[in-house]
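For reference, the structure discussed in these notes is given below.
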Amino acid sequence: QVQLVESGGGLVQAGGSLSLSCVASGSIISTIAMGWYRQAPGKQRELVATIHSGGRKNYADSVKGRFTISRDNAKNTVYMQMNSLKPEDTAVYYCNALLTTAQDITRSQTYWGQGTQVTVSS
């Protein structure tokens, strides 16, 4: 079974920084893309940043210039450096991966991590 394990969340004051990481493991044949989503209390989950295996990146407008997504394809790991954090960044951050696995090599599927809490105090 595929497993995504996140780490790096925590409590930080406004203006501070955090770095998140997510490692995907299991019978992975190929990784099409990995990324981060977040969900604040009472709100829907939203895309934060994605990165494809070829290196193409996409960011939500609200985090451009502050967050940086990167990956190590060989390690099936995605990172997100978060700088200049704001209270509105407070949310549970979820790792997401679009993968092809040995169980079904004819199609790709999305997988989710358990989430890691990021809290930014004012």
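In this text, all values refer to a predicted model and were calculated from it rather than measured experimentally.
Within 6.0 Å of CD on Glu88 lie more than 12 heavy atoms contributed by other residues, nucleotides or ligands. For CD1 of Ile105, the number of neighbouring non-hydrogen atoms (other residues, nucleotides, ligands) closer than 6.0 Å is 12 at most. Sparse packing is recorded around CD of Gln13, with 12 or fewer heavy atoms of other residues, nucleotides or ligands lying under 6.0 Å away.
Closest approach of Leu98 and Ser108 over heavy atoms only: CD1-OG, 3.6 Å. Nearest heavy-atom pair across Ala40 and Ala91 is N-CB, 3.8 Å. Considering all non-hydrogen atoms of both residues, Leu20 and Gly9 come closest at CD2-N, 3.6 Å.
Side-chain contact between Ser19 and Met80 is absent, with no heavy-atom pair separated by less than 4.5 Å. Between Gln114 and Tyr94 there is no side-chain heavy-atom pair separated by less than 4.5 Å. Using a 4.5 Å heavy-atom cutoff, the side chains of Ile51 and Val78 are in contact. Looking at heavy atoms from C-beta onward, Val118 lies in side-chain contact with Leu18 at the 4.5 angstrom threshold. Residues His52 and Met34 are not in side-chain contact: their nearest non-hydrogen atoms beyond the backbone lie 4.5 Å or more apart. A 4.5 Å side-chain heavy-atom check between Thr116 and Val92 finds every atom pair outside the cut-off.
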Subject >> Intermediate values then yes/no, side chain to side chain donor-acceptor pair (under 3.5 Å), Thr31 and Asn76 >> reply: CA-CA 7 Å; Thr31 300; Asn76 291 318; 3.1 Å; yes
**OP:** Show your working on side-chain contact (heavy atoms from CB on, under 4.5 Å) between Arg38 and Thr90 and close with a plain yes or no.
**Re:** CA-CA 9 Å; Arg38 68 185 181 187; Thr90 296; over 6 Å; no
**OP:** Would you check, one step at a time, whether the test side-chain contact (heavy atoms from CB on, under 4.5 Å) holds for Arg66 with Lys86?
**Re:** CA-CA 10 Å; Arg66 299 189 298 120; Lys86 305 174 181 179; 3.8 Å; yes
**OP:** Begin from the C-alpha positions of Gln39 and Tyr93 and carry the test side-chain contact (heavy atoms from CB on, under 4.5 Å) through to its verdict.
**Re:** CA-CA 7 Å; Gln39 187 166 24; Tyr93 284 71; over 6 Å; no
**OP:** Go through Tyr111 and Leu99 one step at a time and tell me if the side-chain contact (heavy atoms from CB on, under 4.5 Å) criterion holds.
**Re:** CA-CA 8 Å; Tyr111 298 85; Leu99 310 170; 3.7 Å; yes
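How far CG of Asn58 is from OG1 of Thr50: 4.5 Å, rounded to the nearest 0.5 Å. Note: Cys22 SG to Asn96 CG = 9.0 Å, rounded to the nearest 0.5 Å.
Distance alone, capped at 3.5 Å, places no donor-acceptor pair between the Gln81 side chain and the Thr68 backbone.
For the 3.5 Å distance criterion, the side chains of Asn83 and Ser17 qualify, holding a donor opposite an acceptor. With 3.5 Å as the limit, one finds a donor-acceptor pair spanning the side chains of Ser7 and Ser21.
Under a cutoff of 6.0 Å and an axis angle of 45°, Arg71 and Tyr79 do not form a cation-pi pair.
Ion pair Asp104/Arg107 flagged as a salt bridge, since at least one NZ, NE, NH1 or NH2 atom sits closer than 4.0 Å to an Asp/Glu carboxylate oxygen.
Between Tyr37 and Trp112, the ring center distance clears the sub-6.0 Å criterion.
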